[in-house]
There are 2 protein chains.
Amino acid sequence: MQQHTTSYGPPHSDRPPERHRLVRKLQSITDLTAEERQALLDLPMTVRSYARGEDIVREGDTPSECCLVLEGFACRYKLLPDGRRQIMAFHTPGDMPDLQSLHIGVMDHSVAAMMPTQAAFIPHTSMRDLTHAYPGLLHAFWRDTLIDAAIFREWLIGVGRRDGHERIAHLICEMLLRFRGVDLAPNDTFKMPVTQADIGDALGLSHVHVNRVLQDLRRDGLITWTNSVVSILDWEKLQKRALFDATYLHQVHEAAA
Amino acid sequence: MQQHTTSYGPPHSDRPPERHRLVRKLQSITDLTAEERQALLDLPMTVRSYARGEDIVREGDTPSECCLVLEGFACRYKLLPDGRRQIMAFHTPGDMPDLQSLHIGVMDHSVAAMMPTQAAFIPHTSMRDLTHAYPGLLHAFWRDTLIDAAIFREWLIGVGRRDGHERIAHLICEMLLRFRGVDLAPNDTFKMPVTQADIGDALGLSHVHVNRVLQDLRRDGLITWTNSVVSILDWEKLQKRALFDATYLHQVHEAAA
DNA sequence: CGATAAATTGACATGGATCAAATACGGTGG
DNA sequence: CCACCGTATTTGATCCATGTCAATTTATCG
């Protein structure tokens, strides 16, 4: 199912521009020195392409590499024995959905592509060398996983205590800021290539209900959502509807330069 | 409101036995060398006591110490502006609920005692010295925060896709294994000093519904729950009812010796 | 022994699920 | 460029797990 594979050696000049997204992402949550940025760009990685719906890492795997989303969109999910699915995270370019595999052997959930996606794989050994050489990057990666956890907590609040409208509005607020963090939300507009059923599985709602709520949000002039493209029309009102407070994202730079 | 404060210097022989719980906890999720264990016991810490319901760390704080639960029971929670509360984690002795404060400045949620609780505070500087001297402990602490995140994900699955019975049964399964990990669940029995309303706030249910589900679980002979003491009567059936799979806890030792 | 919090019970209401159909739409082959 | 197909969205009708409200009983504790 993998359509394409390329390998990049460390000191290499024609790296794809998408590699910079990792730098952007980390810069949105911490400060990096020039050397650290360069070290990130020099990481050896293997790139693979995935089709929509394809698994990138699977529950039960014991990866020896970390994966980095270069292009596309991915999610982390788990299936219950009877088929119910819970999506627990969405991942934009620049995210490393299984960074945890560095310290946790067995995957307790899967990672899948939600649109044609390019993922880069970085050997654990390289990651360890890197964090050994640059303690600041160790700090950055650990912090990244901690922010990941903060996002899980916020989602937990959502499914536990927010109603349908708040949940969906909240997700949109979060995704706007995260896409902004990697410079992928010009004009408060970004690509959200997910099905209404996917949103339901992420927020603990049925796809029918998601549809009705989205219609409300559109009717009220808060957003536009067509062809997987989301536009925020009224950021203030949307945040209010979502009871949104961005603290939990712990971004230090609104958007990387 | 703080009733009592004691300070321990590093090389000190009459440390309270509860300090060992941190060692137990970490040992339940990783392997420690003798030196690492000793280094943990030598950590300087200040002990404070908290009454039931009292906050130990509060949303918005920027702690300069990490807190460790020595005795008692704590939770992490967040309030929505209108008063709805979501509890996102329970913490047994041995847990460090705000380990994250090492790398994330601002608390995005609060930590509270759910019964009279003793918490130890370890300066961030000491933690940094420790992890610098013992990289194995750095690995252990990072791993601990990652398992924390895995637990959030599992709770997310619960509120998102499990019904009331599964959710409550699942929580009980999890708490049994975690209490076991710190040697506090003799005979599959442990103290769970929480109100039915608390459970509701943790699992996204109303306290009335929690009450009814608990009655079912008792009637079906799966558990006993009186006076805050939970006993598992039928572990097999309980796991089945909960669709429980312990992988996500990533415990390497069923119980520390 | 009150007093206050927690657990329990009953009656009733509802957000959101489920089921089933009817469009719309993106992609593909002709 | 169009006809067609599988998928996603939308709509309507109905149902139910859980919520809400209110009262009663049972701890718990000074």
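Of all the residues in residues 167-175 of chain B, not one reaches under 4.0 Å from DNA chain D with any non-hydrogen atom. Within residues 152-163 of chain B, the residues approached by DNA chain D to less than 4.0 Å at the level of any non-hydrogen atom are B/Asp163, in residue-number order. For the segment residues 215-225 of chain B, the set of residues with a heavy atom within less than 4.0 Å of an atom of DNA chain C comprises B/Gln215, B/Arg218, in numerical order. Heavy-atom distances under 4.0 Å link DNA chain D to no residue of residues 73-93 of chain A.
Not less than 6.0 angstrom separates the ring centroid of A/Phe179 from the ring centroid of A/His91. If you look at A/Trp155 and A/Phe90, their ring centroids are closer than 6.0 Å.
Side-chain atoms of A/Arg218 come within 3.5 Å of backbone atoms of A/Trp225 as a donor-acceptor pair (strictly under, hydrogens ignored). Checked by atom type and distance alone, the side chain of A/Arg167 pairs as donor or acceptor with a backbone atom of A/Leu203 at under 3.5 Å. Remark: side-chain polar atoms of B/Thr247 are not paired, donor with acceptor, to backbone N or O of A/Asp108 under 3.5 angstrom. Counting only distance, with no hydrogens or angles, the side chain of A/Arg161 and the backbone of B/Gln86 share no donor-acceptor pair below 3.5 Å.
Contact annotation for B/Gly204: backbone-only contact, meaning every heavy-atom pair under 4.0 Å involves sugar-phosphate atoms and none involves a base. Heavy atoms of A/Leu205 sit under 4.0 angstrom from primed sugar atoms or phosphate atoms, though from no base atom.
For the residue pair B/Thr224/B/Ser231, the side-chain donor-acceptor check at 3.5 Å is not satisfied. B/Tyr77 and B/Asp198 share no donor-acceptor pair across their side chains, judged by distance under 3.5 Å alone.
Here the options are A/Asp148, A/Asp55, A/Asp95, the test is salt bridge (Lys or Arg N to Asp or Glu O under 4.0 Å), and the partner is A/Arg76; only A/Asp148 passes.
Contact between the side-chain N/O atoms of A/Asn211 and the OP1/OP2 oxygens of D/dT10 is found at a separation under 4.0 Å.
The separation between B/Gln196 atom CD and C/dT9 atom P is 10 Å, rounded to whole Å. B/Arg52 places its CZ atom 12 Å from the P atom of D/dT28, with the value rounded to the nearest Å.
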side-chain contact (heavy atoms from CB on, under 4.5 Å) evaluation trace for A/Glu54 with A/Thr117: CA-CA 9 Å; A/Glu54 198 177 350; A/Thr117 292; over 6 Å; no
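Within the helix from C/dC1-D/dG30 to C/dG30-D/dC1, the inter-axis angle between the opening and closing five-pair segments is 50°, rounded to 10°.
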Expected rows: protein N/O vs nucleotides 18-28 of chain C N/O, under 3.5 Å:
{"residue": "C/dG26", "atom": "OP1", "partner": "A/Asn227", "partner atom": "OD1", "Å": "2.9"}

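Relative to the ring axis of A/Tyr248, A/Arg153 does not place its NZ or CZ within 45° and under 6.0 Å from the centre.
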